[in-house]
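The analysis underlying the following values was restricted to heavy atoms, covering all of them including side chains, and did not include hydrogens, waters or symmetry mates.
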Amino acid sequence: MRSAAVPTAADVVSAAPVPPIAAHPLLVFLLQVGVLLLLAILLGRLAARCGLPAIVGELGAGVLLGPSLFGWLAPGATAWLLPAEPAQVHLLDAVGQIAVLLLVGLTGIEMDLRMIRRRGGTALRVSLAGLLVPLALGIGLGYPLARMLDIGASDRQMFALFLGVAMCVSAIPVIAKTLMDMNLIHRDVGQLTLAAGMIDDTFGWLMLSVVSAMTVGGLSAGVFGHAIGSLLLVLVVAALLGRPVVRLALRLCKGSDERTVSAAAAMIVLAAAGTQALGLEAVFGAYLCGLLIGSSGEFDRSRTASLRMVVLAVLAPVFFATAGLRIDLRALAEPPVLAAALIVLATAVLGKFAGAYIGARLSRLSRWEALALGAGMNARGVIEVIVAMVGLRLGILDTRTYTIVVLVAVVTSVMAPPLLKAAMKRIDCTREEELRLTGWSGAAPVRGSPERAGP
């Protein structure tokens, strides 16, 4: 007997079509996007004029409209413009998710794998030490911090693992933009910082995918093995099948910038869907696809100019403003939360500096070169914000812990330029660096990240 719960083909045909979005939810959505984008652009430009990363202003747009200020002063107006209805919130989140995937995909496209190979052992040592030390400190800190913030005992292990991942990431976009602004991109320390940061980013997406899968499936040896197996499967498929497919798609689009951009965007989103289907994080698939596109030999990076402009000028500010909406600075008024924020910030800074310093000294770099590497890699920026949003979506973070992690991203990004400048004053410019600067005519952009004013 056929179950009544299973619709037949006739039922599907006779069913009424899904109605479009109603007028009022559409109006609210359009106002949300327009207001957030306008405020993010204005505050981002203001932050840039003040010498701060633009992400500070873009996050600030959400903070002003969120519970920290506007939601506190005018709760009625906030409830109308930013209703807590899941369907309405998910509309805005969908725009942010597309922005994140394309932003991460662009970062992968702009990665210069030849630089990593050229810098080889030194970059690997700096990166590994800069990863392992803060990772260990973050995991170790996670348990007492969870008790301090009254996080349930069953959630403490995942919180500790997630905090370790959040501690060890670096932000290539912030690093590259800082080095370009300070005219340090041609220096050996600048090149090493970029190469080590690229390795950091790759490891960070790998770890985030594993932690995400373990969060959904539970913390057990079987789930961990499944996550690692899925990860290896993705890497094998990417190498054996993904690379030729990407090359073929780009070869078919040659001669048309529009088709190239469309194909790149479609492949990034589909790759993200693939890793999401396997229980891994979608951003890992987007990043991996970006790497395949950028290293395919069939892709001209100049053709991403239009895609980069739309993502960095429109979609990314909306995402960061949306991320800011979830920050509640009033939580810092609670002594335990404020104490936890200061401890996490100090541990994050100390861990990244210590790890980069150890790796640099093991590579026989000078003390000031080691400190400069630590200063550059300390910037978390856009990567940390994306990690925090993933943690919030998975339920690992609540509003308090999310605010703490995003605060670390902002403060470390603001700290990087002055610390890097102070350290570089003590390092003499070599003849090789002068020749490199002359060869680049003093202003050639480096491949390593989208040129963004401080995400």
Side-chain angles (χ1 to χ4, degrees), residues 18-48 53-107 173 261-262 265-266 268-269 272-273 282-283 286 306-328 381-382 385-386 388-390 392-393 399 402 406 409-410 450 452-455:
V18 177
I21 182 172
H24 181 70
L26 177 60
L27 172 63
V28 172
F29 170 67
L30 294 176
L31 286 173
Q32 287 175 340
V33 174
V35 170
L36 286 171
L37 177 58
L38 180 61
L39 194 56
I41 292 172
L42 292 175
L43 293 183
R45 287 176 63 88
L46 179 61
I55 188 178
V56 175
E58 292 165 355
L59 284 168
V63 173
L64 291 179
L65 292 176
S68 300
L69 185 63
F70 190 58
W72 174 52
L73 296 176
T78 302
W80 188 90
L81 179 63
L82 300 164
E85 300 170 9
Q88 191 75 60
V89 175
H90 292 164
L91 282 174
L92 197 56
D93 280 345
V95 177
Q97 286 300 313
I98 295 297
V100 167
L101 295 178
L102 293 178
L103 181 61
V104 172
L106 281 174
T107 303
V261 167
S262 299
I268 288 169
V269 174
V283 288
S306 57
L307 178 61
R308 186 185 298 113
M309 181 180 299
V310 172
V311 173
L312 301 185
V314 180
L315 294 177
V318 172
F319 165 72
F320 291 122
T322 304
L325 289 174
R326 291 174 165 87
I327 298 174
D328 190 354
V382 57
V385 175
I386 295 174
M389 286 291 283
V390 170
L392 192 65
R393 177 172 57 79
T399 301
Y402 171 80
V406 174
V410 173
R452 175 170 173 75

Would you be so kind as to tabulate the donor-acceptor pairs closer than 3.5 Å made by side chains of residues 93-103, with sequence neighbours excluded?
from	atom 1	to	atom 2	distance (Å)
D93	OD1	R326	NH1	3.3
D93	OD1	R326	NH2	2.9
D93	OD2	R326	NH2	2.9

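Closest heavy-atom contact between G57 and L43: O-CB, 3.3 Å. Closest approach of V28 and P83 over heavy atoms only: CG1-CD, 4.0 Å. Nearest heavy-atom pair, A40 versus E58, reported as atom, atom and distance to 0.1 Å: O-CG, 3.6 Å. Heavy atoms only, all atoms of each residue included: A22 and P25 are closest at O-CD, 3.3 Å. Taking each heavy atom of L37 and V314 in turn, the nearest pair found is CD1-O, 3.6 Å. Here the closest heavy-atom approach between residue V283 and residue V104 is recorded as O-CG1, 3.5 Å.
Atom CG of residue L59 and atom CG of residue L325 lie 10.0 Å apart, to the nearest 0.5 angstrom. Separating the CD1 atom in I21 from the CG atom in L91 is a distance of 4.5 Å, to the nearest 0.5 Å. Interatomic distance, CG of L36 versus CD1 of I41, reported as 11.0 Å (0.5 Å rounding). Between the CG atom in L92 and the OG1 atom in T322 there is a gap of 4.0 Å [rounded to 0.5 Å]. The CD1 atom of I327 sits 13.0 Å away from atom CG of L69, with the distance rounded to the nearest 0.5 Å. Here the CG-CZ distance, from L315 to F320, works out to 11.0 Å after rounding to the nearest 0.5 Å.
For the side-chain contact (heavy atoms from CB on, under 4.5 Å) test, no residue two or more places apart in sequence or in another chain qualifies with A79. Listed by chain and number, the residues in a side-chain contact (heavy atoms from CB on, under 4.5 Å) with A77 are F70, A74 (sequence neighbours excluded). Every side-chain hydrogen bond (donor to acceptor under 3.5 Å, both in side chains) that R393 has, sequence neighbours left out, goes to E281. With sequence neighbours excluded, no residue satisfies side-chain contact (heavy atoms from CB on, under 4.5 Å) with S262. Residues forming a side-chain contact (heavy atoms from CB on, under 4.5 Å) with L42 (at least two apart in sequence, or on another chain): L38.
Within 6.0 Å of atom CH2 in W80, more than 12 heavy atoms from other residues, nucleotides or ligands are found, so the atom counts as buried in its surroundings.
At least one donor-acceptor pair under 3.5 Å links the side chain of Y402 to the backbone N or O of A323. Q88 contributes no side-chain N or O that, together with a main-chain N or O of L82, makes up a donor-acceptor pair within less than 3.5 Å.
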